[in-house]
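Sequence positions, counted from 1, serve as the residue numbers for this chain. Owing to the predicted nature of the structure, the values given are computational and were not obtained by experimental measurement.
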Amino acid sequence: MTTFTRTLFCAGFGGQGVMVLGQLVAYGAIEEGRHVTWLPSYGPEMRGGTANCGVTISDGEISSPFVTRADVVVVLNQPSLDKYEPTVKKGGILIYNEDMASYHAARDDIRVIPVHAARIAESVGNERALNVVLLGVLTAVSDFIADETARNVIREKLGAKKPQFLESNLKAYEAGKELAKSLTAKQ
């Protein structure tokens, strides 16, 4: 019997919303009735230091929370791109914040999606929503969680905490999703 299992790895500087991005995916998978692990890792600094998290989603039990090879890797800065690009599984997806990183590697066994996440977040009036832009991209190009689930989790988790940013977070999510769809149409 084949079990649905997906792995996600998110990395960037502390304060960029890396952990929240992983949590939103994890909460969404829980809402969809799946088994989930979310394992954060912080550098010694709180802001500006390194931060990453691994998320595993499965229909069955998960034996380990550690993500060493991922179906999708989302990186928000150059040091994370340099360090974690090799962890994308063959046939996997690398999504990166093109506003803080550039990709020149020659891997032809993965799909690479550059996103001007910071610019898009600014354009919707919420510069801190770059992680939500990336959630939109992730949802559009993968089957980690459904689109409606992602919107519900944004409303429940981000909207409850800071309702004044709910509208811009939803706009950031939609903008990321639309960008991914347009990139997919070009390929």
Side-chain angles (χ1 to χ4, degrees), residues 2-12 16-29 32 34 36-39 41 51-59 62 65-121 129-151 153-154 172-187:
T2 307
T3 301
F4 174 93
T5 300
R6 298 290 181 273
T7 51
L8 169 68
F9 193 81
C10 306
Q16 287 185 301
V18 170
M19 301 302 178
V20 172
L21 174 57
Q23 286 175 329
L24 292 172
V25 173
Y27 287 133
E32 291 179 354
R34 294 204 159 108
V36 176
T37 62
W38 173 78
L39 185 64
S41 176
N52 64 67
C53 66
V55 179
T56 303
I57 298 168
S58 182
D59 285 339
I62 300 168
F66 295 101
V67 175
T68 54
R69 304 278 292 156
D71 295 300
V72 178
V73 172
V74 180
V75 292
L76 282 72
N77 60 25
Q78 193 67 48
S80 297
L81 178 59
D82 295 341
K83 184 172 183 178
Y84 296 111
E85 178 264 351
T87 67
V88 182
K89 289 180 183 175
K90 183 178 180 175
I93 302 170
L94 171 66
I95 302 169
Y96 73 96
N97 177 14
E98 196 173 19
D99 293 321
M100 294 192 74
S102 57
Y103 182 73
H104 304 290
R107 276 187 76 177
D108 60 1
D109 63 337
I110 62 172
R111 182 171 174 203
V112 179
I113 302 174
V115 180
H116 284 292
R119 285 188 214 172
I120 293 170
L130 65 108
N131 58 344
V132 182
V133 171
L134 294 166
L135 176 64
V137 173
L138 174 70
T139 302
V141 300
S142 72
D143 59 356
F144 278 79
I145 58 173
D147 176 48
E148 189 56 37
T149 302
R151 279 195 235 115
V153 169
I154 291 168
Y173 172 77
E174 291 298 328
K177 199 172 72 173
E178 290 307 312
L179 171 69
K181 286 179 181 176
S182 72
L183 291 172
T184 301
K186 291 177 186 175
Q187 293 177 345

Which value, rounded to the nearest 0.5 Å, describes the distance between [X] atom [atom1] and [Y] atom [atom2]?
| X | Y | atom1 | atom2 | value |
| --- | --- | --- | --- | --- |
| Thr149 | Ile154 | OG1 | CD1 | 11.0 Å |
| Ile113 | Ser142 | CD1 | OG | 9.0 Å |
| Leu138 | Ile93 | CG | CD1 | 8.0 Å |
| Asn52 | Leu76 | CG | CG | 11.5 Å |

Report yes or no: does [X] contribute a side-chain atom to a donor-acceptor pair with the main-chain N or O of [Y] at less than 3.5 Å?
| X | Y | value |
| --- | --- | --- |
| Ser182 | Leu179 | yes |
| Ser58 | Phe4 | yes |
| Ser80 | Gly12 | yes |

With side chains defined as the heavy atoms from C-beta onward, is the minimum distance between [X] and [Y] less than 4.5 Å?
| X | Y | value |
| --- | --- | --- |
| Thr37 | Phe66 | no |
| Ile145 | Val153 | no |
| Tyr173 | Asp147 | yes |
| Asn131 | Leu135 | no |
| Leu8 | Val67 | no |
| Val112 | Tyr96 | yes |
| Arg107 | Leu94 | no |
| Glu98 | Tyr103 | no |

### Task
Could you give me the CA-CA distance, side-chain angles and deciding distance for Val137 and Val74, then say whether side-chain contact (heavy atoms from CB on, under 4.5 Å) is met?
CA-CA 10 Å; Val137 173; Val74 180; over 6 Å; no
### side chain to side chain contact (heavy atoms under 4.5 Å, CB included) partner of Asn97, the single match among Ile120, Val115, Leu130, Leu81
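Option passing the side chain to side chain contact (heavy atoms under 4.5 Å, CB included) with Asn97: Leu130.
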Using every non-hydrogen atom in the two residues, find where [X] and [Y] come nearest and quote the distance to one decimal.
| X | Y | result |
| --- | --- | --- |
| Pro86 | Arg69 | O-NH1, 2.5 Å |
| Ala121 | Ala129 | CB-C, 3.8 Å |
| Met19 | Cys53 | SD-CB, 3.7 Å |
| Val36 | Ala26 | CG1-CB, 3.5 Å |
| Phe144 | Glu32 | O-OE1, 4.0 Å |
| Gly54 | Phe9 | CA-CD1, 4.1 Å |

### Query
More than 12 foreign heavy atoms under 6.0 Å from NZ of Lys83: is that the case here?
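At most 12 heavy atoms, drawn from other residues, nucleotides or ligands, come within 6.0 Å of this atom.
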### Message
If the threshold is 4.0 Å, N to carboxylate O, is there a salt bridge linking Asp109 and Lys90?
### Response
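Judged by the 4.0 Å cut-off on N to carboxylate O distance, Asp109 and Lys90 do not form a salt bridge.
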### Task
Identify the residue among Asp143, Asp71, Asp59 that makes a salt bridge (Lys or Arg N to Asp or Glu O under 4.0 Å) with Arg6.
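Exactly one option meets the salt bridge (Lys or Arg N to Asp or Glu O under 4.0 Å) with Arg6, and it is Asp143.
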